[in-house]
Amino acid sequence: MQQVPGRDCPADSTEENPLADGRPTRIAIQHDDYHAEHVGHTTDGHQFFLTTPFEPGTHGGDDGQEFVALYLFDAAGRFLEARIDAFGNRANMDRAARRAVYETRLKELGDVTFDRIEVEPFAVDQFGTTFGLIAREPEDDDEAWWVELQPGNYMAFTEPWDSGEYDT
């Protein structure tokens, strides 16, 4: 696994001090009962996000991939680590094995509090795929920055970055 330095991982910035180009430096993710069901804090103050990213398959193909990803951040929201497990394509994957790994990753965290987190965008490369909360620059002057949960783009965040709300 490789973190991609300088890309989507701004250093020395805060929500109150975004980068000059408008790139978000922190985003909030509000705990909910949908895609943000397992976000929160560990007893040592670290923040976490457990999720199930996916590579969509091509039209009519079975080449998509399914994953379990646990993202860990320090108390200030700086990215620390990604623990990512691959399960092959959706049509042929062992769903019970994926669920067991998901539950194991959650248990590895120990006692947790499910609540709002505020973390920096980041990207890591693993299994030939880029994972993370990836900042997407506007293509036109009248468009906004977005931060997309990749792969799969199943959560997308835009201003205000501290709202905790996302589009699916």
Side-chain angles (χ1 to χ4, degrees), residues 1-5 7-11 14-15 24-57 62-135 146-157 161-168:
M1 175 176 45
Q2 174 186 355
Q3 182 169 354
V4 183
R7 188 183 85 195
D8 311 316
C9 307
T14 65
E15 171 62 32
T25 58
R26 291 279 186 280
I27 64 162
I29 304 174
Q30 187 67 39
H31 171 261
D32 64 23
D33 292 330
Y34 193 45
H35 291 306
E37 179 180 15
H38 293 121
V39 302
H41 291 81
T42 60
T43 55
D44 64 2
H46 285 97
Q47 300 180 72
F48 70 90
F49 182 13
L50 180 62
T51 188
T52 54
F54 62 94
E55 280 278 356
D62 64 354
D63 53 343
Q65 298 292 311
E66 298 288 326
F67 305 94
V68 168
L70 174 59
Y71 303 122
L72 300 170
F73 307 86
D74 69 13
R78 288 182 297 267
F79 176 74
L80 297 173
E81 178 184 1
R83 300 176 189 166
I84 303 170
D85 302 281
F87 292 92
N89 66 48
R90 184 173 287 174
N92 299 318
M93 78 169 173
D94 182 338
R95 291 180 189 281
R98 183 178 82 159
R99 188 70 194 162
V101 167
Y102 189 95
E103 293 298 326
T104 297
R105 291 284 184 216
L106 189 57
K107 287 178 186 170
E108 288 172 358
L109 295 168
D111 290 332
V112 298
T113 302
F114 296 116
D115 59 0
R116 172 191 182 92
I117 61 174
E118 294 185 19
V119 297
E120 69 182 3
F122 70 96
V124 293
D125 289 333
Q126 193 170 347
F127 303 111
T129 299
T130 301
F131 292 82
L133 289 163
I134 300 173
W146 285 87
V147 174
E148 301 167 348
L149 186 59
Q150 295 288 352
N153 191 15
Y154 54 103
M155 294 174 81
F157 303 84
W161 302 112
D162 60 354
S163 74
E165 297 179 5
Y166 59 90
D167 288 334
T168 58

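Using a 4.5 Å heavy-atom threshold, the side chains of F48 and E108 count as separate. The side-chain heavy atoms of F127 and E55, taken from C-beta on, include no pair separated by under 4.5 Å. Put simply, the side chain of Y71 does not reach to within 4.5 Å of the side chain of I117, judged on heavy atoms. Two residues are said to be in side-chain contact when any heavy atoms from C-beta on lie closer than 4.5 Å; L72 and L109 meet this criterion. A heavy-atom distance below 4.5 Å is not found between the side chains of T129 and Q65. Side-chain contact between L133 and I29: present, with at least one pair of heavy atoms (C-beta onward) separated by less than 4.5 Å.
Here the straight-line distance linking atom OG1 of T104 with atom CG of L70 works out to 11.5 Å at 0.5 Å rounding. I27 CD1 to D162 CG: the interatomic distance, rounded to the nearest 0.5 Å, is 11.5 Å. To the nearest 0.5 Å, the span separating CZ on F73 from CD on Q47 amounts to 7.5 Å. The CZ atom of R105 lies 9.0 Å from the CG atom of L50; values are rounded to the nearest 0.5 Å. With rounding to the nearest 0.5 angstrom, the OG1 atom of T168 is 5.0 Å from the OH atom of Y34. Atom-to-atom distance recorded for D85:CG and Y102:OH is 12.5 Å, nearest 0.5 angstrom.
The minimum heavy-atom distance linking N153 with A156 is given by the pair OD1-CB, 4.0 Å. Smallest separation of non-hydrogen atoms from M93 and F87: CB-O, 3.1 Å. Listed here is the closest heavy atom pair of T25 and P121: O-CD, 3.5 Å. Summarising the geometry of Y166 relative to A36, their closest heavy-atom pair is OH-N, 3.8 Å, with the distance given to 0.1 Å. Across all their heavy atoms, A76 and R26 have their closest contact at O-NE, 3.0 Å.
The local environment of CG in D44 is crowded, with over 12 non-hydrogen atoms from other residues, nucleotides or ligands closer than 6.0 Å.
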Open item on the list: Show, in sequence, the C-alpha distance, side-chain angles and deciding distance for R99 and E103, and conclude whether the salt bridge (Lys or Arg N to Asp or Glu O under 4.0 Å) test is met.
Closed with: CA-CA 6 Å; R99 188 70 194 162; E103 293 298 326; 2.6 Å; yes
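Checked against F131 for a ring pair (Phe, Tyr, Trp, His ring centres under 6.0 Å), the options F49, F54, F67 give a single hit: F67. Checking H31, H41, Q30 one by one against D115, the side-chain hydrogen bond (donor to acceptor under 3.5 Å, both in side chains) holds for a single residue, H41.
Proximity of a side-chain donor or acceptor of E120 to a complementary backbone N or O of F79 within less than 3.5 Å is detected.
For E66, the side-chain hydrogen bond (donor to acceptor under 3.5 Å, both in side chains) test picks out R90, R98, with sequence neighbours left out.
Between the side chains of Y154 and T51, at least one donor N or O sits under 3.5 Å from an acceptor N or O.
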